[in-house]
Structures are given as structure tokens and as C-alpha cells.
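See below for the structure under consideration.
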Amino acid sequence: MPRSASGPNEEEANKIKQALANPETSFDFKIVRSSTNHSIFKLNQIVLSQNYKGYKSINITLPSGLSLLRSSVKLPSGAIYTQAGNSISITNTTGMQADIITTFLAGLEFQYKANSVTGGNLKIAVEQESISNWIDDQGIPHYYVFVPNAIPWQDAYNEAKKLHYRGLTGYLATINSLSEHDFIFNSIAKNLDYLAEQGLSI
């Protein structure tokens, strides 16, 4: 049975729409070799805007040949870690303070895989909303956000097209593989009763 176009979470949906349209997060970092192990790289001089009450996601895209040492990942309280290939999403629906994120990022350790071809940039994005970033088998990035507003399909379709993120226009998610489904479910929809009806993709 279709639900009303103005569902119970319309205010939350509007907040997500506004945050996606205005990603004003000030974030910067440098990469340095560890002083104790020259095969390890760490983040240094991390600068993150203190203007927000809480950030809900960190997305890391690893360049070819670089790995994140899982033993260095000390998740903030309530955060969920999801990885698929070179895409890593850390989400927390209650939000994480800037100083907690800065401490978390400073503790991460990266290492080049032995005998692997390397290249590309380490990309890290810190977002106000729970956004996950998945890279498909062709190397194309996809961004996902869950909008918790229960509305009929045609209204959800039209609302999704109003979302904008990093110069891209939103659309309803079309999940094409089990790995894509699992990544979305584990990163932004794990505590929800349903995924396909309301998942929005950008």
C-alpha cells in the first residue's frame, strides 16, 4: 500500500537534501611515512571544519596497490566499517565530532601491497550525512544516501532527481549485483527494515 507523499520523516529528508546540495566541509590532510616503519604511511596535518554538530560518514578510496591496515582501524563509538575492494565507508547515524574523526584518521596506517602495480590518489571525504561510496568493477564510483521518507515510488523518483552531490544529479538506486547490495546494506541500511523501496543513489 503506497504511503503518503509527506511521510513521517519528511523533515529528515529535507535536511539530507540540503546537506547534499551544500557540501561545505573544510577538510585537508597530508600523507607522511611512519617514523618507525618506512613501509607504512599515515595521515598528518589533518584539518576538519568544526562548524557542524556531527559528521555521519567518512569515505576512503584507495589507489591501486595501497591497502588500509585493518589493525589500525579503531572505530569511533557507534561507527560501522564497510569495505568492498578499494572503497571504504565508515558511517555513524548519530554523528561524530570533528575532533573524534581527526583522532580516528590520524591513527590509520596504509601500506603498499608487495609486488603490486601502484598509482592514483588516496581520496578521503568527510560528510555531514551518511553517504557511502562504492566503486564498481569498471572503476566507476557510485554514491548512496538513504532518505527515510516513506513515499510512493513515483514521488521518490521525482525527489531523487532533485538531489545533487559533487556535480551529479540523483536517481533511485538500481542494484545490479550482490556485492553492490551488500555494500549498500552494510554501510547505510543495516539497521533498516527495507532497502530497495527508499534507497537513493547519486
Side-chain angles (χ1 to χ4, degrees), residues 19-20 23-34 37 39-50 52 54-114 116-146 165-168 173 177 179-190 201-202:
L20 290 177
E24 306 252 340
T25 303
S26 174
F27 175 59
D28 193 22
F29 63 91
K30 304 282 185 209
I31 300 173
V32 296
R33 285 188 188 273
S34 168
N37 183 341
S39 69
I40 303 290
F41 297 87
K42 298 183 67 106
L43 304 181
N44 194 2
Q45 298 178 27
I46 301 166
V47 177
L48 178 60
S49 172
Q50 301 279 336
Y52 304 107
Y55 294 94
K56 294 185 178 177
S57 60
I58 304 165
N59 286 293
I60 302 171
T61 304
L62 300 169
S64 174
L66 188 70
S67 63
L68 171 61
L69 298 180
R70 190 66 172 94
S71 60
S72 72
V73 177
K74 311 295 186 216
L75 288 174
S77 178
I80 298 170
Y81 177 98
T82 309
Q83 181 168 2
N86 290 350
S87 302
I88 300 167
S89 284
I90 294 112
T91 54
N92 186 330
T93 56
T94 59
M96 300 170 280
Q97 298 301 316
D99 58 338
I100 290 173
I101 291 178
T102 300
T103 301
F104 166 73
L105 292 173
L108 297 180
E109 296 181 337
F110 302 88
Q111 185 173 37
Y112 277 107
K113 301 171 189 172
S116 64
V117 177
T118 61
N121 295 319
L122 172 64
K123 298 177 184 172
I124 302 176
V126 180
E127 308 288 355
Q128 296 175 59
E129 294 300 328
S130 292
I131 299 169
S132 64
N133 173 26
W134 180 72
I135 299 176
D136 66 22
D137 295 337
Q138 286 75 43
I140 300 169
H142 301 268
Y143 304 95
Y144 304 90
V145 62
F146 182 83
Y165 179 70
R166 297 187 179 189
L168 303 171
S177 68
S179 62
E180 183 180 11
H181 170 275
D182 289 348
F183 187 80
I184 297 168
F185 178 79
N186 290 324
S187 63
I188 60 170
K190 200 168 196 170
S201 176
I202 294 182

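A quick note: this is a predicted structure, and the numbers were derived from the prediction, not measured.
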Who are the side chain to side chain contact (heavy atoms under 4.5 Å, CB included) partners of I101, not counting sequence neighbours?
L48, Y55, I58, M96, L105, V126
Sequence neighbours left out, what passes ring pair (Phe, Tyr, Trp, His ring centres under 6.0 Å) with Y112? Give chain and number order.
F41
Full working for side-chain contact (heavy atoms from CB on, under 4.5 Å) between V73 and I90
CA-CA 10 Å; V73 177; I90 294 112; 5.7 Å; no
Please name all residues satisfying side chain to side chain contact (heavy atoms under 4.5 Å, CB included) with S77, sequence neighbours left out, ordered by chain then number.
none
Between F29 and F27, what is the ring plane arrangement, given parallel below 30°, perpendicular above 60°, and tilted in between?
tilted
Taking side-chain hydrogen bond (donor to acceptor under 3.5 Å, both in side chains) as the test, write out the residues that go with S89, two or more places apart.
N59
Can you name the side chain to side chain contact (heavy atoms under 4.5 Å, CB included) partners of S87, sequence neighbours left out?
I135, F183
Reported OG-to-CD1 distance for the pair S130 and I188, which is rounded to 0.5 angstrom
7.5 Å
Supply the atom-to-atom distance I40 CD1 to S72 OG, rounded to the nearest 0.5 angstrom.
8.0 Å
Residues forming a ring pair (Phe, Tyr, Trp, His ring centres under 6.0 Å) with F110, sequence neighbours excluded
none
Side-chain heavy-atom pair L68, L108 within 4.5 angstrom cut-off
yes
Carefully, step by step, assess T82 and I88 under the rule side-chain contact (heavy atoms from CB on, under 4.5 Å).
CA-CA 6 Å; T82 309; I88 300 167; over 6 Å; no
Checking S57 now: which residues fulfil side-chain hydrogen bond (donor to acceptor under 3.5 Å, both in side chains) with it, not counting sequence neighbours?
none
Set of residues satisfying side-chain hydrogen bond (donor to acceptor under 3.5 Å, both in side chains) with respect to D136, sequence neighbours excluded:
H142
Any salt bridge (Lys or Arg N to Asp or Glu O under 4.0 Å) involving residues 94-112? Give me the pairs, sequence neighbours left out, ordered by first then second residue.
K42-E109
Closest heavy-atom contact between K30 and Q45?
CG-OE1, 3.7 Å
For the backbone of D182 and the side chain of E180, can you confirm whether one donor and one acceptor N or O come within less than 3.5 Å of each other?
no
Taking S187's backbone N and O only, do any of them form a donor-acceptor pair with T91's side chain (distance below 3.5 Å, no angle check)?
yes
For residues 60-67, which side-chain N or O atoms pair as donor and acceptor with protein atoms under 3.5 Å away, sequence neighbours left out?
residue	atom	partner	partner atom	Å
T61	OG1	N133	ND2	3.0
S64	OG	V117	O	3.0
S67	OG	Q111	O	3.0

With sequence neighbours excluded, what pairs up with T94 under the side-chain hydrogen bond (donor to acceptor under 3.5 Å, both in side chains) test?
N92
Apply ring pair (Phe, Tyr, Trp, His ring centres under 6.0 Å) to F104 and list each qualifying residue two or more places apart in sequence or on a separate chain.
none
